[in-house]
Amino acid sequence: MKLSHRITHLTGGGSDGWELFIKSRRMIAEGVDVTELTIGEHDTRTDPRILDAMNASARGGHTGYAMVPGTDALRDAVAARVAERTGVPTTRANVLITPGGQAGLFASHAATCDAGDTALYLDPYYATYPGTIRGVGAMARAVQTRAEDAFQPRKDDLEKAAPGARSLLINTPNNPTGIVYSRATLDGIAEVCRENDLWLISDEVYDTQVWEGTHLSPRALPDMAERTLVVGSMSKSFAMTGSRCGWIVGPEQAIAHLINLATHTTYGVPGFIQDAALWALRQGAAFEAEIAAPFRRRRELAMHILSGQQAVGPVPSQGAMYLMLDIRGTGMSGEAFANALLDRHHIAVMPGESFGQAAAGHVRVAMTIEDAAFAEALRTLCGFAAELQGAPVVP
Ligand code: PMP
């Protein structure tokens, strides 16, 4: 039977970028001891206190259909968090609870783009972005950022791409680059959106993982609240990846339609998951800092290791749980380097090419294993790059 073009062309054909990850998982299944620095997931599990809240809620009977937009209490808590951190007045009517950030990204594009509309996103990008856009029937169009700008998008590149487009998807702190967009970058983005009447879809799922500078939500910029949908999530900030709980914050009218979409798609998020999320959010910023602490520590370790060598060029590491490393000095592509590192040293990192063209010649290292093993793997990676260049090996 014929399936829809929308579904069969979701990934755009060709490589989906996960080959190296799959190869490393295959090696592990065959008994090889691979150090995996690939996927963006904490090495700690969800805090037992969050699980206690989840259990108490489920045992207390919150296992039926929950309110589709989210519980009032959780929507209020998300609104309060956003209002407090951005200064933008935000109420429950501005919030839809979603089954994770990914569902929020899909719904946001469904809400803003009709079939055939152009939706912009920035390269390098989180792997699902183009497929998410195609999934709602829109045309995914990448705007390149450049390694020489540390992957901060240029306003004039956006200006060239914007005419006729409906939306622009951005992500700061950024996966895969670890860059936090500067105020100047965000001002430029906001201006392009206002001038070209674009929706801005702002993926802020890493907002608690900022190591340098500050996270600025573009919804807080002049006249942007009316055209911005912010996607947030409990996954990264509370190590709740498996719980599937996130949100969209946006204009009341857009949220009203998004609630309608949720009624016809997800039918909401389980009540006991929402109650656990509420418990976690109520612990405040100190709890979030505790969950982000291992990445902050490993990023410090990485800065120290990288400062003592020249073989690998670090992209400024400002946020999120990743390091982007420039390995162009080896003369290899990110893909060839990552494959050679896996074959030779059993260390798995993601090729930059998995995230688009702009990060070619780079690799992404997830800071998601215990500190000593992480430091050793990074030293080995640098040593390998130095060896390939005939440069002095890191001590
Ligand atoms: N956006 C970005 C940039 C991500 O890295 C991820 C997860 N890796 C997501 C969204 C989706 O996260 P979730 O659906 O778990 O909230």
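Read the numbers this way: they start at 1 and go in the same order the structure lists the ligands and their atoms.
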Exercise. Between K155 and E195, is there a salt bridge with N-O shorter than 4.0 Å?
Worked result: no
For this session: Give the numbers and elements of all ligand 1 atoms closer than 4.0 Å to a heavy atom of Q102.
Result: 11 (C), 13 (P), 14 (O)
Problem set entry | Atoms of ligand 1, numbered as shown, that sit under 4.0 Å from any heavy atom of S235 | 13 (P), 15 (O), 16 (O)
For this session: For the pair H304 (side chain) and E300 (backbone), establish whether a donor and an acceptor sit closer than 3.5 Å, ignoring hydrogens and angles.
Result: no
Exercise. Which atoms of ligand 1 are found less than 4.0 Å from any heavy atom of R244?
Worked result: 13 (P), 14 (O), 15 (O)
Exercise. Among W247, Y126, Y322, which one has a heavy atom closest to atom 6 (C) of ligand 1?
Worked result: Y126
For this session: Would you check, one step at a time, whether the test side chain to side chain contact (heavy atoms under 4.5 Å, CB included) holds for T98 with F106?
Result: CA-CA 10 Å; T98 61; F106 185 85; over 6 Å; no
Exercise. Is Y206 in polar range of ligand 1, meaning some N or O pair under 3.5 Å apart?
Worked result: yes
Problem set entry | Proximity of Y322 and Y206 rings by center, below 6.0 Å | yes
Exercise. F295 vs W211 aromatic rings, parallel, tilted or perpendicular, using cut-offs 30° and 60°?
Worked result: tilted
Problem set entry | Side-chain H-bond candidate by donor/acceptor type, Q102 with T132, under 3.5 Å | yes
Exercise. For atom 8 (N) of ligand 1, what's the nearest protein heavy atom and its distance?
Worked result: K236 NZ, 2.9 Å
For this session: Kindly say whether M332 contributes a backbone atom to a donor-acceptor pair with the side chain of T330 at under 3.5 angstrom?
Result: yes
Exercise. Would one find an N or O of N171, backbone or side chain, under 3.5 Å from an N or O of ligand 1?
Worked result: no
Exercise. Within the structure, does T241 bring an N/O atom to less than 3.5 angstrom of an N/O atom in ligand 1?
Worked result: no
For this session: Report yes or no: does M234 have a heavy atom closer than 4.0 Å to ligand 1?
Result: no
Exercise. Of all the atoms in ligand 1, which lie at a distance below 4.0 Å from a heavy atom belonging to D203?
Worked result: 1 (N), 2 (C), 3 (C), 10 (C)
Problem set entry | Heteroatom distance test (V205, ligand 1): nitrogen or oxygen, under 3.5 angstrom | no
Exercise. Hey, which atoms in ligand 1 end up nearer than 4.0 Å to a heavy atom of S233?
Worked result: 13 (P), 16 (O)
For this session: Would you mind telling me which of I305, T35, V365 makes a side-chain contact (heavy atoms from CB on, under 4.5 Å) with L381?
Result: V365
